[in-house]
A.B. asks: 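So that we are looking at the same thing, I have put the structure below in structure tokens.
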Amino acid sequence: MKLVTFPKIIMCLALLSCWEFCRTSAHAQSFLGGVYVATSDVNGAYTVHTLEGDYKAGFQIEARVLLPYGVANGYLNLIPKDRASGHPGGVNVLMSDGSVRFARDGKIEQVLLWGRTTEADPLPVLLVIANQDDGGDGRLVYTLIGSHLHATWEAKGRIELLPR
């Protein structure tokens with residue numbers, strides 16, 4: 001056996017080992033036109049965890065990811081309730097790209113949204129929305145990551161499926 005064929009054999013074995021996951025995800029996406037996330041509680045007092053410390057904030061989000069192309073649009077407003085925030089004016093993000101991660105059973109695990117802040121010098125950010133709806137309570141964990149920003153908070157909400 002030549003050494004050139006060894007990587008091809010490894011690749012084939014890797015594909016065979018994850019074939020069931022690939023098939024399930026493809027099946028889930030075949031009837032799905034996209035996903036929709038919307039939550040609005042600007043008067044809420046969610047605890048936002050950051051590297052500089054925690055603070056209370058309200059937020060609102062509305063975003064869509066259209067499959068299979070990953071085209072996304074939407075916005076996020078994170079409004080602090082106290083001045084302990086590293087961003088006392090709040091964080092505003094416009095979404096422009098996205099993707100959806102499926103579990104093996106076809107349920108949605110995460111929605112990833114890429115966007116830019118609306119400041120005078122916009123910064124790229126990534127918003128990860130993790131579906132933690134294990135007990136039917138509709139919990140979503142939001143993580144906002146940027147070059148000068150890292151914030152995590154949890155709120156009730158749900159990810160809706162958009163039919164094709």
A.B. asks: Is it true that Glu160 and Arg158 make a salt bridge, defined as a side-chain N closer than 4.0 Å to a carboxylate O?
C.D. replies: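 Yes, charged N to carboxylate O under 4.0 Å.
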A.B. asks: In Å and rounded to the nearest 0.5 Å, what is the CG to CG distance from Leu113 to Leu94?
C.D. replies: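 Here the interatomic distance stands at 12.0 Å.
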A.B. asks: Do Leu127 and Val93 touch side chain to side chain, with heavy atoms closer than 4.5 Å?
C.D. replies: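 Result no, sub-4.5 Å side-chain heavy-atom pair not found.
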A.B. asks: Check whether any side-chain N or O of Asn131 sits under 3.5 Å from a backbone N or O of Ile108 as a donor-acceptor pair, and report yes or no.
C.D. replies: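 Yes, the answer is positive, given that a donor and an acceptor are paired below the 3.5 Å cut-off.
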A.B. asks: Indicate yes or no: at least one non-hydrogen side-chain atom of Ile129 is less than 4.5 angstrom from one of Ile61.
C.D. replies: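 Yes; the side chains approach each other to less than 4.5 Å.
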A.B. asks: If Ile, Leu, Val, Met, Phe, Trp and Tyr residues are connected whenever their side-chain heavy atoms lie under 4.5 Å apart, and connections chain through other members, are Leu140 and Leu161 in the same group?
C.D. replies: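 Hydrophobic grouping puts Leu140 with Leu161.
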A.B. asks: Could you go step by step and tell me if Val125 and Val91 meet the side-chain contact (heavy atoms from CB on, under 4.5 Å) rule?
C.D. replies: CA-CA 11 Å; Val125 294; Val91 177; over 6 Å; no
A.B. asks: For Ser99, enumerate each residue passing the side-chain hydrogen bond (donor to acceptor under 3.5 Å, both in side chains) test, keeping only those at least two apart in sequence or located in another chain.
C.D. replies: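 Per chain and number, Ser99 pairs via side-chain hydrogen bond (donor to acceptor under 3.5 Å, both in side chains) with no residue.
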A.B. asks: Ignoring hydrogens, what is the shortest heavy-atom contact between Arg116 and Pro122? Give both atom names and the distance.
C.D. replies: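 Closest approach of Arg116 to Pro122: NH1-O, 3.9 Å.
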A.B. asks: Can you tell me how far apart CG (Leu76) and CD (Glu62) are? Round to the nearest 0.5 Å.
C.D. replies: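 So the CG of Leu76 and the CD of Glu62 are separated by 12.0 Å.
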A.B. asks: Could you tell me which non-hydrogen atom of Ala72 sits nearest to which non-hydrogen atom of Gly98, and how far apart they are?
C.D. replies: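 Heavy atoms only, the tightest pair is CB-N, 3.6 Å.
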A.B. asks: Mind checking the CE-OH spacing from Met95 to Tyr75? Nearest 0.5 Å is all I need.
C.D. replies: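 Between Met95 CE and Tyr75 OH, I get 10.5 Å after rounding to 0.5 Å.
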A.B. asks: Tell me whether Thr117 contacts the main-chain N or O of Leu123 through its side chain, where contact means a donor paired with an acceptor under 3.5 Å.
C.D. replies: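 Present.
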A.B. asks: Taking it one step at a time, do Glu154 and Thr47 satisfy side-chain contact (heavy atoms from CB on, under 4.5 Å)?
C.D. replies: CA-CA 8 Å; Glu154 183 177 317; Thr47 302; over 6 Å; no
A.B. asks: If hydrophobic clusters are built from ILVMFWY residues whose side chains come within less than 4.5 Å, do Trp114 and Val128 share one?
C.D. replies: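 Yes; Val128 is reachable from Trp114 via cluster members.
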A.B. asks: Would you please name every residue forming a side-chain hydrogen bond (donor to acceptor under 3.5 Å, both in side chains) with Asp41, sequence neighbours left out?
C.D. replies: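 For Asp41, the residues satisfying side-chain hydrogen bond (donor to acceptor under 3.5 Å, both in side chains) (neighbours in sequence not counted) are Tyr46.
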A.B. asks: Look up atom NE2 in His49 and atom OG1 in Thr152, then write down how far apart they are to the nearest 0.5 Å.
C.D. replies: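 Rounded to the nearest 0.5 Å, the NE2-OG1 separation comes to 7.5 Å.
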A.B. asks: Atom CG of Leu67 and atom CG of Leu162: how far apart are they, to the nearest 0.5 Å?
C.D. replies: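 Answer rounded to 0.5 Å: 8.5 Å.
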A.B. asks: Identify the residue among Val65, Val111, Val100 that makes a side chain to side chain contact (heavy atoms under 4.5 Å, CB included) with Ile159.
C.D. replies: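 So, applying the side chain to side chain contact (heavy atoms under 4.5 Å, CB included) to Ile159 and each of Val65, Val111, Val100, only Val111 qualifies.
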A.B. asks: With a 4.5 Å cut-off on side-chain heavy atoms, are Phe59 and Thr39 touching?
C.D. replies: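 A side-chain contact exists here, since the closest heavy-atom pair is under 4.5 Å.
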A.B. asks: What distance separates Lys56 NZ from Lys81 NZ, expressed to the nearest 0.5 Å?
C.D. replies: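 If I round to the nearest 0.5 Å, the distance is 12.0 Å.
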A.B. asks: Might you work through the side-chain contact (heavy atoms from CB on, under 4.5 Å) test for Tyr142 and Val48, ending with a clear yes or no?
C.D. replies: CA-CA 10 Å; Tyr142 299 84; Val48 178; over 6 Å; no
